[in-house]
2 protein chains.
Amino acid sequence: MERHYTISDLAELLDITPRTLRYYEEVGLLTPIRQGTQRLYRDRDRVRLQLILRGRRLGFGLPEIADMLDLYDADPTEITQLQDVLQRGDKKLHDIERQIRDLEAVRDELTELRTRIAKTLLQKLRGDPTE
Amino acid sequence: MERHYTISDLAELLDITPRTLRYYEEVGLLTPIRQGTQRLYRDRDRVRLQLILRGRRLGFGLPEIADMLDLYDADPTEITQLQDVLQRGDKKLHDIERQIRDLEAVRDELTELRTRIAKTLLQKLRGDPTE
DNA sequence: TTTTCAGTTGACGTAAACGTTAATAAGTTG
DNA sequence: CAACTTATTAACGTTTACGTCAACTGAAAA
């Protein structure tokens, strides 16, 4: 059975403000149904929203996030459209793989730094002669 | 021997504008030396700048990038300072590991999507009966 | 029925990260 | 030396992603 959320329900659940939800609708990222004048969010809206928020955490802009969501939504009939989605998906995939490598580099550098500092700290704590 | 760059040299080299370099100086991310009134960027400025740009590509804000660069620059004498750097570094490391996992999730989803679309495409091209 | 409460639509405000323009100075080239 | 060229500071403009506030609308509770 379908769960429904009011705007503040969903906002509270995912720790954002109602304003954010209205804005995402304004830019076409979400399309909740209306019950009279009020918005009603279904489960698929929540899932979509969670994808948006993950994208935001990763530093993507909203248009870029919209692009990626479009990749999923598109259920194209035309072969050329399929090929297009395939191409755009591959490009994004490429970007993301690069981003992962960059992040792994940062992680490794931080890890190395950590080891160095921990070593220095141990020497200090032991009362090393070189100090 | 030390390489020097004028502001437009460095901007061109890393495909940004001089304005960006002046701005990064304004917020304390870079500190080029002065030759009279003009800025001169040394190799360490370039390296630092490349770290900044990588951070930007990864979606970090400039203050956050400044924090991370501080971790490297800090060469603390006090034990408490060392412990502080260690703590902050660990926190960042944690964030980054989460970000890597998020990105890997996105990558996997895109990869799966790719396979599905490629399959559909092949069926269409073969002139599948279900169409 | 009268608050009251959550929700609605504008509309303007804001912070970050620069872009753009103006006015000026300092080398460098013909 | 005049004319460029490249640099400088200062200041205002711009976009993104909302925050904030005002005025209004239903629905529900007292």
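Proteins come first, then strands; the chains are lettered A, B, ... in the order of their sequence lines, and each starts at number 1.
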| Is A:Arg22 touching bases, backbone alone, or none of the nucleic acid, heavy atoms closer than 4.0 Å? | base
| Would you say A:Arg39 reaches C:dT8's phosphate, i.e. side-chain N/O to OP1/OP2 under 4.0 Å? | yes
| Is B:Asp9 salt-bridged to B:Arg3, cutoff N-O under 4.0 Å? | no
| note | Tested for side chain to side chain contact (heavy atoms under 4.5 Å, CB included) against B:Leu69, the lone hit among B:Asp67, B:Ile65, B:Leu71 is B:Ile65
| task | Identify whether the distance between the nearest side-chain nitrogen and carboxylate oxygen of A:Arg39 and A:Glu25 falls below 4.0 Å. | result | yes
| request: Can you tell me the distance, in whole Å, between the CZ atom of A:Arg34 and the C1' atom of D:dT25? | output: 13 Å
| message | Pick the closest DNA chain D nucleotide for A:Leu62 and for A:Gln38 by heavy atoms, then say which residue is nearer the 5' end. | response | A:Leu62
| query | Base, sugar-phosphate, or nothing: which does B:Gly61 touch, judged by heavy atoms less than 4.0 Å apart? | reply | sugar-phosphate
| request: Grab the CD-C1' distance between B:Gln35 and C:dA25 for me, whole Å please. | output: 15 Å
| said: Would A:Arg34 and A:Leu40 count as a side chain to side chain contact (heavy atoms under 4.5 Å, CB included) here? Give the steps. | reply: CA-CA 6 Å; A:Arg34 296 297 179 117; A:Leu40 268 195; over 6 Å; no
| request: From the options C:dA17, C:dT9, D:dA17, select the nucleotide whose nearest atom is closest to the side chain of B:Pro63. | output: C:dA17
| message | Can you tell me how far apart NE2 (A:His94) and CG (B:Leu110) are? Round to the nearest 0.5 Å. | response | 13.5 Å
| Nearest-Å distance, CG (B:Leu53) to P (C:dA17)? | 13 Å
| task | Could you state the atom-to-atom distance from CG of B:Leu30 to C1' of C:dA17 in whole Å? | result | 14 Å
| message | I need the CZ-C1' distance between A:Phe60 and D:dT16, as an integer number of Å. | response | 17 Å
| query | Roughly how many Å is it from OH in A:Tyr23 to P in C:dC12, rounded to a whole number? | reply | 17 Å
| Using a heavy-atom distance cut-off of less than 4.0 Å, which residues of residues 7-20 of chain B contact DNA chain C? | B:Thr17, B:Arg19, B:Thr20
| said: Regarding B:Arg98 and B:Asp95, does a basic nitrogen lie under 4.0 Å from an acidic carboxylate oxygen? | reply: no
| note | The residue, A:Tyr41 or B:Tyr24, whose nearest nucleotide of DNA chain C is more 5′ is A:Tyr41
| query | How many Å lie between CD1 on A:Ile52 and C1' on D:dC18, as a whole number? | reply | 14 Å
| request: Would you kindly say whether A:Tyr5 and A:Arg46 are connected by a side-chain donor-acceptor distance under 3.5 Å? | output: yes
